[in-house]
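Please read the structure below before turning to the comments.
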Amino acid sequence: KVSIPSSANDGPALAGYRGVPGAWVETRPFQWNSPSGDSNALIVGTASPRMKMEAEPNDDPAKARTLSLPAEIAGLFYPRGDVDWYEFDANRGDVIWMEVVSQRIGTRTDPILIVEKVTSGPDGELQPKLVSRVDEVQRVDIDSQPTIDPQTHDPTVRLVVEADAT
């Protein structure tokens with residue numbers, strides 16, 4: 001375990017996909033100091049204070065955990081086939097980036113990111129409607145920037161909200 005100190009002079013920087021507004025993560029450089037000299041700098045992604053831990057039960061729409069955006073969630077893919085539901089409010093025109101970080105940190109998973117709009121049917125039963133299903137990273141073209149292909153199986157999706165929703 002390594003603690004990375006923070007100071008007023010060493011605030012977080014931003015790193016992300018080139019040319020993709022909003023797809024950024026806070027980072028900070030870290031160097032190991034030893035009697036033989038300092039190591040090369042390692043860029044470390046940092047979690048924000050808004051990080052939430054996954055909490056069961058959240059395995060169906062009726063038990064979805066409510067999030068306030070922006071949000072970061074830490075959890076486990078356990079047991080095999082685990083499904084976790086979250087809900088959030090979104091307004092027409094919002095651009096929301098969703099990303100799963102798993103394979104990139106060395107886990108042997110192949111997550112799928114599914115976004116659904118859930119409404120109540122005439123009998124009050126929750127009815128999900130598919131908005132987006134991403135099994136691999138989406139290739140994204142923005143304006144004249146090159147296509148993004150980060151070579152990972154972690155799903156990432158850029159969602160443009162078409163109507164106010166939860």
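This structure is a prediction, so every number in the text was calculated from the model and none was measured. Side chains included, hydrogens not; waters and symmetry mates left out as well; all remaining heavy atoms used. The residues of the chain are indexed from 1 along the displayed sequence.
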>> Can you tell me how far apart OG (Ser68) and NZ (Lys52) are? Round to the nearest 0.5 Å.
In response: 7.0 Å

> Looking at CZ of Arg133 and CD1 of Ile112, how far apart are the two atoms once the value is rounded to the nearest 0.5 Å?
Replying inline: 4.0 Å

> Taking the side chain as C-beta and beyond, is there a heavy-atom pair between Val100 and Phe77 under 4.5 Å?
Replying inline: yes

> Heavy atoms, side chains only, cut-off 4.5 Å: are Thr156 and Met98 in contact?
Replying inline: no

Is a side-chain N or O of [X] found less than 3.5 angstrom from the main chain of [Y], in a donor-acceptor match?
X	Y	result
Asp94	Val161	no
Asp82	Pro79	no
Gln31	Ser39	yes
Arg65	Tyr86	no

>> Is there a path of hydrophobic side-chain contacts, each under 4.5 Å between heavy atoms, that joins Phe88 and Leu113?
In response: yes

>> If hydrophobic clusters are built by linking Ile, Leu, Val, Met, Phe, Trp and Tyr wherever their side-chain heavy atoms come under 4.5 Å apart, do Ile114 and Val131 end up in the same one?
In response: no

Considering all heavy atoms of both residues, which atom of [X] and which atom of [Y] are nearest to each other, and what is their separation?
X	Y	value
Arg92	Asp164	N-OD1, 2.7 Å
Val134	Pro155	O-CB, 3.4 Å
Pro122	Gln127	CD-NE2, 4.4 Å

For [X], enumerate each residue passing the side-chain contact (heavy atoms from CB on, under 4.5 Å) test, keeping only those at least two apart in sequence or located in another chain.
X	result
Asp123	Glu125
Pro70	Arg50
Ala71	Leu67, Leu69

Check residues 55-64 and write down every donor-acceptor pair under 3.5 Å in which the side-chain atom is one partner and the other belongs to a residue at least two apart or another chain.
{"residue": "Glu56", "atom": "OE1", "partner": "Asn58", "partner atom": "N", "Å": "3.3"}
{"residue": "Asp60", "atom": "OD1", "partner": "Ala62", "partner atom": "N", "Å": "2.9"}
{"residue": "Asp60", "atom": "OD1", "partner": "Lys63", "partner atom": "N", "Å": "3.3"}

> By side chain to side chain donor-acceptor pair (under 3.5 Å), which residues pair with Thr66, not counting sequence neighbours?
Replying inline: Glu87

> Counting heavy atoms not belonging to Asp38, are there more than 12 under 6.0 Å from its CG?
Replying inline: yes

>> Please give the remaining members of the hydrophobic cluster of Leu76, linking ILVMFWY side chains under 4.5 Å, ordered by chain and number.
In response: Tyr78

